[in-house]
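Taking it in order: structure first as structure tokens, then the write-up.
Because only heavy atoms are used, hydrogens play no part in the values below, and waters and symmetry mates are left out as well, while side chains stay in. Throughout, protein chains are lettered first and strands after them, A, B, ... in sequence-line order, and every chain is numbered starting at 1.
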Amino acid sequence: MSRPGRDDSPDRLYTLTGGRAHATPDSPFDLVTLVVAECDPTTGMQSEHAAILRLTQQPTAVVELAAELKLPVSITKILLGDLLAAGRVSARHPRRAAVPDPDVLEQVLVGLRNL
Amino acid sequence: MDSATSEAAAEQASQPASAARTPLGATADNGLKIVVVGGFGVGKTTLVRSVSEIRPLNTEETMTRAGEHIDDISEVRGKKATTVAFDFGRITLDARNVLYLFGAPGQERFWFLWDRLFSGTLGAVVLVDTRRIDDSWYAIDRLEHHGTPFIVACNDFGGPTYAPSQIRDALDLDPQVPLLDCDARSRASGKQVLITLVEHVKKTYANQAPVRDQDTYAPHAPVSEQELTR
Ligand SMILES: Nc1nc2c(ncn2[C@@H]2O[C@H](COP(=O)(O)OP(=O)(O)O)[C@@H](O)[C@H]2O)c(=O)[nH]1
Ligand SMILES: [Mg+2]
């Protein structure tokens, strides 16, 4: 296994994202945002977009998509932003709080003890 | 990359990626993060593998050498950008909550990416090899700076054992930071490490009023360090 993205020339990344090298500052995606496909891939769709729609038939975290696509996280977020804007995927963002919800912490402990 | 991972990768190389994947349940809707930090070879990937329901996966993030996230493709093309690789595993906690466990290098350039990648993390495990204890100083420093709750786990490589007080002194550890021994190869031990961390996180926040901000994820309004530590 080689490190994802390693053999990607910058030109390939440029083509993939139409020259955008970063998720826009207001990218809504966290590493652990769970992405769900809202439609099937169509012919003629950019192959990375189609791959994302196949991978997200079940909820899949942004970081898992990046690993499967062998693309840097930031490039993956750009591709996801396109699909989100087109309504082709939906996003389940982590429930975050300034202070973690004690109920969630308790659920984490229960889950870990059941391992 | 160690040989076990390479073999696993070689085994799966002939299959389509999807064949090797274990998808989450349809109701999963809340991703949580815990980060394992430590020097090279300290056992981060081993610990992640021990508790993960998936074979650890590897990915990377890109940034400029100055530590800024790249904001123009020309910086990539001009090769001013560099990357930080990290691996991760996954634990489905229940029908809705899924915990991602990240193994991240503690080296200096990694910390430029902390906010981008690991803001909102529940907490961190600093994995220590007692033969190279000074490898952990920088990570502990940064976690304190970021106000991230953490514990210290000493991975057992069969070297000389030290009294906890000696390790606390060597790390200049605050008395309330939990310190424990572990064997990263053991699932039971890895599980105990995670439970110790989450119990510590719970205690850390116990006296703070919960500030609910459900469903309004604001990447550019990160929690200030004061809010996290006070
Ligand atoms: N003896 C011993 N070896 C370990 C332990 N944990 C990891 N190792 C070995 O140490 C090496 C480095 O571990 P790895 O998880 O790849 O370290 P990383 O660089 O922090 O991800 C591997 O060969 C592991 O098999 C442990 O608890 N005891
Ligand atoms: Mg590793």
I want to check something: taking the side chain as every heavy atom from C-beta on, are [X] and [Y] in contact at a cut-off of under 4.5 Å?
X        : Y        : result
A:Leu31  : B:Phe102 : yes
B:His146 : B:Trp114 : yes
A:Met45  : A:Leu53  : yes
B:Ser52  : B:Leu101 : no
A:Ile78  : A:Phe29  : no

Exercise. May I ask you to name which of B:Asn30, B:Val198, B:Ile54 has the most heavy-atom pairs under 4.5 Å with chain A?
Key: B:Asn30

Exercise. For chain B, find its close neighbours in residues 58-65 of chain A: heavy-atom separation under 4.5 Å, sorted by number, or none.
Key: A:Gln58, A:Pro59, A:Thr60, A:Ala61, A:Val63, A:Glu64

I need the [X] [atom1] to [Y] [atom2] distance, nearest 0.5 Å.
X        : Y        : atom1 : atom2 : result
A:Glu68  : A:Leu55  : CD    : CG    : 5.5 Å
B:Leu194 : A:Leu115 : CG    : CG    : 7.5 Å
A:Lys70  : A:Thr76  : NZ    : OG1   : 11.5 Å

Self-check item: Any donor-acceptor pair under 3.5 Å from B:Lys44 side chain to B:Val35 backbone
Solution: no

Exercise. Give me the one residue out of B:Val36, B:Thr46, B:Val152, B:Val37 that meets side chain to side chain contact (heavy atoms under 4.5 Å, CB included) with B:Leu127.
Key: B:Val36

Self-check item: Contacts with chain A made by residues 176-193 of chain B (heavy-atom distance under 4.5 Å), listed by residue number
Solution: B:Arg187, B:Lys191

Exercise. Select all residues of residues 86-99 of chain B having any heavy atom within less than 4.5 Å of some heavy atom of chain A, and report them by number, or 'none'.
Key: B:Phe86, B:Phe88, B:Arg90, B:Ile91, B:Leu93, B:Asp94, B:Arg96, B:Asn97, B:Val98, B:Leu99

Quiz item: Can B:Arg116 and B:Glu61 be counted as an ion pair, charged N to O under 4.0 angstrom?
Solution: no

Quiz item: Thinking salt bridges, do B:Asp29 and A:Arg95 make one under a 4.0 Å N-O criterion?
Solution: yes

Self-check item: Under 4.5 Å from a heavy atom of chain B, the part of A:Leu112 involved
Solution: both

Self-check item: A:Leu34 versus B:Gly31, closest heavy-atom pair with distance
Solution: CD1-N, 4.5 Å

Quiz item: Which atoms of B:Glu53 come close to chain A, meaning under 4.5 Å heavy atom to heavy atom: side chain ones, backbone ones, both, or neither?
Solution: neither

Self-check item: Pairing residues for A:Arg54 by the side chain to side chain donor-acceptor pair (under 3.5 Å) criterion, not counting sequence neighbours
Solution: none

